[in-house]
Amino acid sequence: MEMTYELTEELENYLNESQEELKELIRELCGIPAPSHREERRAAFCKEWLEKNGAEGVTIDEALNVIYPVGCEEGRDLIVFMAHMDTVFPELVPHPMREEEGKLFCPGVGDDTTNLAILLMLEKYIAIHKPQPKWGILFVANSCEEGLGNLKGSRQLMKDYGDRVRQVVSFDGYCTGMANRAVGSSRYRVEVRTEGGHAFGNFGNRSAIHQLSKMIDMLYAIKVPDKAPTTFNVGVAQGGTSVNTIAQQAEMLYEYRSEDKDCLQIMEDYFQGVIEAYRRSGITVLVEPLGQRPCGSMVDEEKLAALTQKGVDIITRYAGKRPVVKAASTDCNIPLSMGIPSLCLGTCLGGGAHTKGEWIELSSLPAGCRIAAAFVMDYFYP
């Protein structure tokens with residue numbers, strides 16, 4: 001039977017009447033800086049806002065996830081809907097915001113503040129109208145999705161509830177795409193130390209910059225496995241003291257990615273081999289793991305396909321265009337690695353993610369609200 005994902009008249013009226021409130025909520029959230037690991041203020045705001053609007057039992061866990069449980073009696077199977085609070089930007093002061101030609105500009109506005117605001121507005125509707133859930137529902141404003149946050153919030157959530165979770169839906173990004181497969185990654189800080197010295201008086205001593213450069217060249221010599229798309233990158237390299245000093249210290253940030261665990265292992269083995277080769281040559285090399293994101297593992301393909309089709313159908317209906325389905329690195333990596341069918345999708349249109357020029361189209365918000373509402377309310381009785 002074809003699913004139409006109709007919304008009730010009551011919900012349609014709520015979404016129509018709350019558009020200005022939604023825009024104001026987006027602006028308020030954008031005004032609260034939330035770098036990964038520093039989401040305290042935004043978490044407190046979300047909890048207080050939900051409680052003010054009738055939500056009961058809202059908690060903040062040790063990872064700073066804001067959790068609103070609905071119908072989650074002990075032992076009941078759970079469905080998770082989440083949107084992350086953190087942004088990729090490190091600043092702890094509000095970013096400039098402006099509205100121009102139907103667009104709202106602000107760093108972090110699309111990734112992931114608008115999706116978070118839309119999810120909060122749905123939680124308000126549920127807190128007020130109290131529809132009956134078919135499953136236990138966990139609504140989560142989660143922490144640490146970006147960069148070196150290393151999916152801390154998603155990890156904590158799955159640690160606490162994973163044995164009961166049957167599906168995870170993360171609202172993240174734009175409604176032009178969806179992710180149902182996990183791109184895993186490993187990230188390292190690598191530091192090289194040598195004797196260094198004065199550039200003239202100690203000429204001939206080993207330079208940490210030179211040794212690090214040769215190490216990077218060796219890392220880039222790998223032929224990546226062709227079993228699945230696999231990449232690597234040195235994103236930062238720095239070191240040294242002055243123009244006339246042989247560098248004693250230099251360091252880099254290195255990562256590799258793949259959606260296949262065997263490919264990840266090949267990259268790890270090669271990386272460790274390079275490190276050991278330099279250590280054997282007498283170079284001091286310090287390696288600090290900065291984060292690991294797992295691939296998917298043994299997910300029921302039929303259940304995942306059904307969840308993915310639901311997302312495609314809902315976005316196509318309410319946004320008017322079929323989304324591109326792909327692999328990505330998202331909060332869903334953790335449940336997917338546990339075999340839990342999971343889907344990451346966006347609810348707005350915009351651009352410039354991870355840049356200071358990030359923006360959303362305000363005209364896309366009504367459709368975005370309906371995408372999220374159609375997905376969420378399918379897990380409640382009419």
Side-chain angles (χ1 to χ4, degrees), residues 21-70 72 78-95 97 106-127 137-162 165 168-173 291 330-335 344 346-347 353-354 358 372 376:
E21 182 181 2
L22 170 62
K23 293 174 186 177
E24 181 56 31
L25 179 57
I26 293 170
R27 295 185 185 99
E28 284 188 90
L29 287 167
C30 281
I32 305 172
S36 302
H37 301 290
R38 297 298 304 274
E39 302 96 336
E40 298 94 337
R41 288 178 55 205
R42 198 173 277 199
F45 173 90
C46 291
K47 183 176 186 290
E48 292 168 9
W49 187 91
L50 285 167
E51 291 173 336
K52 181 182 69 176
N53 285 290
E56 299 177 352
V58 183
T59 60
I60 298 177
D61 70 13
E62 60 185 271
L64 295 180
N65 294 318
V66 183
I67 302 172
Y68 172 32
V70 178
C72 296
L78 303 177
I79 306 295
V80 175
F81 292 100
M82 62 200 303
H84 68 86
M85 293 180 292
D86 60 319
T87 69
V88 74
F89 304 98
E91 293 85 358
L92 290 172
V93 295
H95 296 286
M97 186 187 319
C106 186
V109 66
D111 184 13
D112 193 33
T113 306
T114 294
N115 291 298
L116 173 62
I118 286 175
L119 183 59
L120 288 171
M121 292 299 298
L122 276 175
E123 293 175 60
K124 175 183 175 180
Y125 173 85
I126 288 163
I137 307 294
L138 283 181
F139 292 106
V140 185
N142 68 283
S143 66
C144 288
E145 190 274 344
E146 298 289 3
L148 297 182
N150 200 33
L151 307 183
K152 178 182 177 181
S154 183
R155 290 177 195 274
Q156 185 68 49
L157 198 66
M158 292 302 108
K159 176 184 175 184
D160 293 340
Y161 300 97
V165 174
V168 174
V169 176
S170 174
F171 294 114
D172 190 0
T330 72
D331 277 315
C332 291
N333 280 45
I334 305 304
C344 182
T347 62
H354 289 207
E358 190 173 358
V376 170

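What you see is a predicted model; the values in this text were computed from it and never measured.
- Note that CD of Glu28 and CH2 of Trp49 are 9.5 Å apart. Values are rounded to the nearest 0.5 Å.
- Contact record, Gly108 with Thr113: O-OG1, 2.8 Å, taken as the closest heavy-atom pair.
- Scanning for salt bridge (charged side-chain N to carboxylate O under 4.0 Å, His left out) contacts around Glu21 gives Lys124, with sequence neighbours left out.
- For the atom pair Leu157 CG and Asp61 CG, the distance stands at 7.0 Å (nearest 0.5 Å).
- Shown here for Cys106 and Met97, the closest heavy-atom pair between the two residues is CB-CG, 3.9 Å.
- Residues Cys72 and Leu78 share a closest heavy-atom pair of SG-CD2, 3.7 Å.
- Between Glu146 and His354, some side-chain heavy-atom pair lies under the 4.5 Å cut-off.
- Across every non-hydrogen atom of Asp86 and Ser143, the tightest pair is OD1-C, 4.0 Å.
- The shortest distance between side-chain heavy atoms of His95 and Phe89 falls below 4.5 Å.
- For Ile32 against Arg41, the heavy-atom pair with the smallest separation is CG2-CB, 3.7 Å.
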Worked check of side chain to side chain contact (heavy atoms under 4.5 Å, CB included) between Phe171 and Ile118 = CA-CA 9 Å; Phe171 294 114; Ile118 286 175; over 6 Å; no
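- Donor-acceptor pairing under 3.5 Å is recorded for the side chains of Thr347 and Asn115.
- In this structure, the side chain to side chain contact (heavy atoms under 4.5 Å, CB included) partners of Ala34, at least two apart in sequence or on a different chain, are Glu39, Arg42.
- For Glu48, the salt bridge (charged side-chain N to carboxylate O under 4.0 Å, His left out) criterion is met by no residue, not counting sequence neighbours.
- Minimum heavy-atom separation, Val58 to Ala55: CG2-CB, 3.7 Å.
- Among residues two or more places apart in sequence or in another chain, the side chain to side chain donor-acceptor pair (under 3.5 Å) test is passed with Asp172 by His84.
- Using the six-membered ring where Trp is involved, Phe139 and Phe81 have ring planes that are parallel, under 30° apart on the 30 and 60° scheme.
- Between Pro335 and Met158, the closest side-chain pair of non-hydrogen atoms falls below 4.5 Å.
- Applying the salt bridge (charged side-chain N to carboxylate O under 4.0 Å, His left out) test to Lys23 and every residue at least two apart in sequence or in another chain returns Glu20.
- Contact of the Tyr68 side chain with the Val66 side chain is not registered, since no non-hydrogen atoms from C-beta on lie closer than 4.5 Å.
- With hydrogens and angles disregarded, no donor-acceptor distance shorter than 3.5 Å links the side chain of Gln156 to the backbone of Asn65.
- For Arg27, the side chain to side chain donor-acceptor pair (under 3.5 Å) partners two or more places apart in sequence, or in a different chain, are Glu99.
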Can you list the steps and then say if Val109 with Thr114 is a side chain to side chain contact (heavy atoms under 4.5 Å, CB included)?
-> CA-CA 6 Å; Val109 66; Thr114 294; 3.9 Å; yes
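- Atom CG in Asn333 sits 6.0 Å away from atom CG in Leu151 (nearest 0.5 Å).
- To the nearest 0.5 Å, the span separating CE on Met85 from SG on Cys46 amounts to 6.0 Å.
- Separation of atoms OG (Ser36) and CD (Glu145) is listed at 7.5 Å; rounding is to 0.5 Å.
- Looking only at side-chain heavy atoms (C-beta outward), Val376 and Ile137 stay at 4.5 Å or farther from each other.
- From Leu138, atom CG reaches atom CD1 of Ile67 across 6.5 Å, with rounding to the nearest 0.5 Å.
- Annotation: side chain of Leu120 is in contact with side chain of Leu25 (closest heavy-atom distance under 4.5 Å).
- Checking each of Val140, Thr330, Asp331 against Ser170 for a side-chain contact (heavy atoms from CB on, under 4.5 Å) leaves exactly one that passes, namely Asp331.
- Within the 4.5 Å cutoff, no side-chain heavy atoms of Asp111 are placed close to those of Val88.
- Within the 4.5 Å cutoff, side-chain heavy atoms of Asn150 are placed close to those of Arg155.
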